[in-house]
Amino acid sequence: MPDQNIKMKGKERRTNPVSSFLLLTGQSVKMSLENVMANKMRSFLTMLGIMIGVASVIGLITIVSGATSSIMSDMMGLGANSLQLSAQGTDIHPGLLEDDMDQLRKIKGVTAVSPSVSTTTDTVFNGDIAKDTLVNGTDPIYFKSAQVELLSGRIFGDSDSDGNTNVAVVDKTFVQKALSGHGKIGTKFLLDGYEYQLIGIMKPKDSMTQDTWNNTGTVYVPYKNVLRMMNKYYVSGADIYYDSSINASVIEQQVRNRLDNIFSHKKGAYTIFNMQSLQEMMQQTEQTLSLMLGGIASIALLVGGIGIMNMMLVSVTERTREIGLRKALGAEPSRIQLQFLSESVILSLTGGAIGIVIGLLIAFIGSKALKTAFQISYPAILIGAGFSIAVGIIFGWMPARRASRLNPIDALRSE
Amino acid sequence: MGEILRMQNICKDYVMGDEIQHVLKNIDLTVDEGEFLAVLGPSGSGKSTLMNIIGCLDVPTSGDYWLDGLHVADEDEKTLARIRNQRIGFIFQSFYLLQKQTAFQNVELPLLYANASAKERRERTEEVLKLVGLGDKMDHYPSQLSGGQQQRVAIARAIANRPSILLADEPTGALDQHTGAQVMELFENLHEEGNTIIMITHDAKIASHASRIVKILDGCISEGAVEDA
């Protein structure tokens with residue numbers, strides 16, 4: 001033994017600081033875990049505040065971002081990479097002529113120009129009259145670009161579009177309301193007094209932006225047919241599709257230049273609705289909303305943090321003697337501090353993790369109820385985890401420091 | 001055998017309001033390596049304060065203290081913690097074991113604070129627990145052990161880091177006579193193996209197990225023979 005003692009005297013353990021820090025942290029975490037597990041009920045109640053805080057942050061942000069992406073994808077369906085042009089025209093040039101559209105088609109980057117014109121008329125089927133059917137005049141490009149899916153039948157092609165072929169693609173509402181359910185391909189009905197043949201039925205869009213105001217459904221016919229119905233030779237609107245690699249505002253400017261020429265620079269002759277800028281606006285709104293909701297939910301996190309601090313202070317007081325003993329056995333103040341700090345971080349991080357799961361669950365149920373997309377937002381999860389660690393450190397700091405500063409003699413003597 | 005502890009003119013004062021209390025008065029004490037010293041004194045004699053200073057839990061108001069050739073003066077807390085970890089093995093009257101940890105984990109603690117490797121810790125912990133006769137109770141919690149066994153765990157913990165001195169404060173105070181005697185036997189064995197032991201007690205009979213006795217009364221110490229007790 002004496003020999004060993006002598007050996008001990010000269011033996012100062014010098015390990016590399018990183019590995020000794022890791023060792024220290026590992027041991028502190030182990031000790032803290034044991035203590036958290038030893039007081040399960042109390043630990044759970046302490047975590048509750050953080051759980052609620054994180055769950056509400058995650059839940060709200062996930063629901064908002066899910067709803068936003070649903071709206072966005074609906075808008076995509078309405079026309080991503082497209083500009084909606086509405087031309088009121090001038091007295092001498094009251095709308096878009098075929099020739100004008102050809103000019104727009106020549107712009108570099110424009111992939112298609114699809115005229116759109118619509119009116120309402122009565123439908124006659126088997127002698128029954130259905131009032132106010134919405135008739136959309138369009139061309140084959142529309143079906144491809146707007147990603148319209150069919151339940152059955154086909155869309156009309158270029159050969160149907162000469163203005164003299166009476167074919168119609170209809171939606172389900174029209175089949176039910178105007179055709180009393182007779183949705184067979186080839187069914188014939190009268191539109192504005194002319195006989196039309198049903199060639200396709202569209203799949204209803206599973207979206208929040210469905211038009212529900214229309215009573216007797218919608219039919220899509222070649223746009224020249226609609227012009228004939230309306231006794232017009234020009235269209236007052238068009239969708240301009242462009243290559244996705246090209247910036248919307250660049251295309252928009254070029255389109256404007258052409259239109260200014262066509263309408264002799266008259267103000268108010270046309271308006272352009274740019275879907276991309278609307279999307280950007282939506283994204284900004286989402287960010288503002290998330291920030292605001294996050295701000296509200298962080299109050300819950302603050303309350304949770306105070307709960308942790310309270311519990312840690314109680315724990316330090318209860319374990320005064322243990323702290324004294326650890327100090328007598330050679331624990332440096334920094335080690336005591338690290339142990340208590342890791343205990344509060346374990347509490348807050350565990351609470352945060354449970355909160356994330358609960359939040360996602362709430363968001364999942366919420367998105368089902370709201371019929372919006374459920375989309376896990378990874379930044380929100382990172383923020384939730386980061387906040388819980390921060391709360392643990394901030395609110396555990398003071399109690400841990402108090403523990404580390406206890407006088408070992410007083411601590412050992414306390415009962 | 002060399003000198004392991006030297007105190008010169010150690011004084012400790014406590015300020016109580018306007019009054020200054022002189023708890024230790026000019027203490028001179030030398031302990032050689034391998035000695036088994038008993039500090040005998042009634043309560044209030046200042047023996048606990050002396051123990052705290054020897055154990056580097058407290059620093060004297062004035063005077064010099066060398067432990068193991070190291071001058072212990074106004075050291076910072078971190079250095080004192082290191083000295084306690086490496087050079088002092090504490091044994092307390094009421095054991096002070098962590099109740100939620102096993103005997104093994106309790107003994108391992110000072111080795112953890114010494115940054116010993118996992119292998120080193122396991123080997124040494126098993127070694128000292130076997131030494132105190134608890135090789136088969138390593139996974140028991142303190143509540144599953146008798147008082148005597150608990151104090152053995154505490155002794156194993158005290159010797160785990162091979163300290164310069166074992167510092168025992170009324171080690172049998174919480175034990176019945178029979179188990180107390182067994183614990184004293186363990187101390188005698190440790191003494192025979194060459195450990196330096198300083199034991200603080202109010203019980204002359206317990207003190208008689210030591211090889212040398214000093215008496216402390218009103219903050220002053222005097223050498224006493226074993227026969228006097």
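Letters A, B, ... mirror the listed sequences (proteins, then strands); counts begin at 1.
Judged by distance alone, with hydrogens and angles left aside, the side-chain atoms of A:Ser367 form no donor-acceptor pair with the main-chain N or O of A:Ile63 at under 3.5 Å. Looking at B:Gln151, its side chain never comes within 3.5 Å of a backbone N or O of B:Gly148 through a donor-acceptor pair.
Contacts between B:Lys78 and chain A at a heavy-atom distance below 4.5 Å involve backbone atoms as well as side-chain atoms. Of the two parts of B:Asn52, only the side chain, counted from C-beta on, holds a non-hydrogen atom closer than 4.5 Å to a non-hydrogen atom of chain A. The part of B:Gln101 that comes within reach of chain A is its side chain, from C-beta onward, which places non-hydrogen atoms under 4.5 angstrom from that chain. Within the 4.5 angstrom heavy-atom criterion, atoms from both the backbone and the side chain of B:Leu57 approach chain A.
The shortest distance between side-chain heavy atoms of B:His22 and B:Cys11 does not fall below 4.5 Å.
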Enumerate donor-acceptor pairs with a distance under 3.5 Å from any side-chain N or O in residues 338-347 of chain A to protein atoms, sequence neighbours excluded.
residue  : atom : partner  : partner atom : Å
A:Ser342 : OG   : A:Ser32  : OG           : 2.9
A:Ser342 : OG   : A:Leu338 : O            : 2.9
A:Ser342 : OG   : A:Gln339 : O            : 2.9
A:Glu343 : OE1  : A:Arg319 : NH1          : 3.3
A:Glu343 : OE2  : A:Asn35  : ND2          : 2.6
A:Glu343 : OE2  : A:Arg319 : NH1          : 3.2
A:Ser344 : OG   : A:Leu341 : O            : 3.1
A:Ser344 : OG   : A:Gly392 : O            : 2.7

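Annotation: side-chain contact (heavy atoms from CB on, under 4.5 Å) contacts of A:Ile354 (sequence neighbours excluded): A:Met51, A:Thr350, A:Ile358.
When the candidates A:Gly330, A:Pro408, A:Gly324 are compared by the number of heavy-atom contacts under 4.5 Å with chain B, A:Gly330 comes out ahead.
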